[in-house]
Amino acid sequence: MAHGTRNPYPTVDAIIELPGDRVVLIERANPPHGWAFPGGFIDVGEPAEDACLREAHEETGLEVTLVALLGVYSAPDRDPRHHTLSVVYVARSSGEPCAGDDARAAIAVPVSSLAERTYAFDHGTIAADYLAWRTSGSPAPLRPSRSHA
């Protein structure tokens, strides 16, 4: 995967909704370890939507349908390895997840338990934004950096 050295790395994440008011989480096999929504890097020449579908399938075995754009997450410290920018989608599927690619585990959890978990990256913020979106239908709030004002 070739990335420029002066720009954030583009990534995608999917909040995959399943029947029974559940969503999919993966346990990361590689550092940084922890629970996260399925996702990964966008390949050169690949639209973000296609990358999200691909990454969801690679990490969970699920075929998903994208239903909404939750938001864009780009805080420079969101990933301890390097600066990434993630486009986060809400998706739906009807299957059961099975860990693949770099996921140690893939599980379906009740939506009601999302706030109780500890996450890798900024996925706790993404989970909170998703819970708010379910109530309001509004995308994630804008979070401009005050250091550049």
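All values derive from a computational prediction rather than experimental measurement.
- Val87 and Val23 end up in different hydrophobic clusters when Ile, Leu, Val, Met, Phe, Trp and Tyr side chains are linked at under 4.5 Å.
- For Asp13 against Ser86, the heavy-atom pair with the smallest separation is OD2-OG, 2.6 Å.
- Residues Phe37 and Val72 fall into different hydrophobic clusters, defined by Ile, Leu, Val, Met, Phe, Trp and Tyr side chains chained together at heavy-atom separations under 4.5 Å.
- Taking all atoms of both residues into account, the shortest heavy-atom contact from Ala14 to Cys52 is CB-SG, 3.6 Å.
- With hydrogens and angles disregarded, a donor-acceptor distance shorter than 3.5 Å links the side chain of Ser93 to the backbone of Glu63.
- A single hydrophobic cluster is seen to contain both Trp35 and Leu131, as judged by linkage of ILVMFWY side chains at heavy-atom distances under 4.5 Å, directly or through other members.
- Partner Pro38 forms a side chain to side chain contact (heavy atoms under 4.5 Å, CB included) with one of Val12, Leu25, Ile15, Val24 and no other, that one being Val24.
- The two residues Ala108 and Arg22 make their nearest non-hydrogen contact at CB-NH1, 3.4 Å.
- Between Phe41 and Tyr9, the ring planes lie perpendicular to each other; the angle is over 60°, past the 30° to 60° tilted range.
- Closest approach of Leu69 to Pro139, counting heavy atoms only: O-CB, 4.4 Å.
- Aromatic ring orientation, His123 versus Phe121: tilted (interplanar angle from 30° to 60°).
- To the nearest 0.5 angstrom, Ile16 atom CD1 is 5.5 Å from Leu62 atom CG.
- The shortest side-chain heavy-atom distance between Asp129 and Pro141 falls under the 4.5 Å cut-off.
- Considering only heavy atoms from C-beta on, Val88 stays 4.5 Å or farther from Tyr130 through its side chain.
- For Thr11 (side chain) and Leu85 (main-chain N/O), a donor-acceptor pair under 3.5 Å exists by modelled atom type.
- Going from atom CG of Asp21 over to atom CZ of Arg134 covers 4.5 Å, rounded to the nearest 0.5 Å.
- Ile126 contributes atom CD1, which lies 5.0 Å from atom CZ of Arg78 (distance to the nearest 0.5 angstrom).
- Scanning all heavy atoms of the two residues, the minimum distance from Arg92 to Glu17 falls at NE-OE1, 2.8 Å.
- In the hydrophobic clustering of ILVMFWY residues, with side-chain heavy atoms under 4.5 Å counting as a link, Val64 and Val90 come out apart.
- When all heavy atoms of Ala68 and Trp133 are compared, the closest pair comes out as CB-CZ2, 3.6 Å.
- Here CG of Asp77 is found 10.0 Å from OG1 of Thr84. Values are rounded to the nearest 0.5 Å.
- For His33 (side chain) and Ala120 (main-chain N/O), no donor-acceptor pair under 3.5 Å exists by modelled atom type.
- Grouping the Ile, Leu, Val, Met, Phe, Trp and Tyr side chains by contacts below 4.5 angstrom, directly or via other members, places Leu53 with Tyr89.
- Checking side-chain atoms of Glu59 against main-chain N and O of Gly39 turns up a donor-acceptor pair under 3.5 Å.
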- Can you list the steps and then say if Asp122 with Arg143 is a salt bridge (Lys or Arg N to Asp or Glu O under 4.0 Å)? CA-CA 13 Å; Asp122 59 353; Arg143 296 181 175 94; over 6 Å; no

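- Of the possible polar contacts, none joining the Tyr119 side chain to the Thr125 backbone as a donor-acceptor pair under 3.5 Å is found.
- Inter-residue side-chain proximity for Ile26 and Pro97 is flagged as unmet; no heavy-atom pair is nearer than 4.5 Å.
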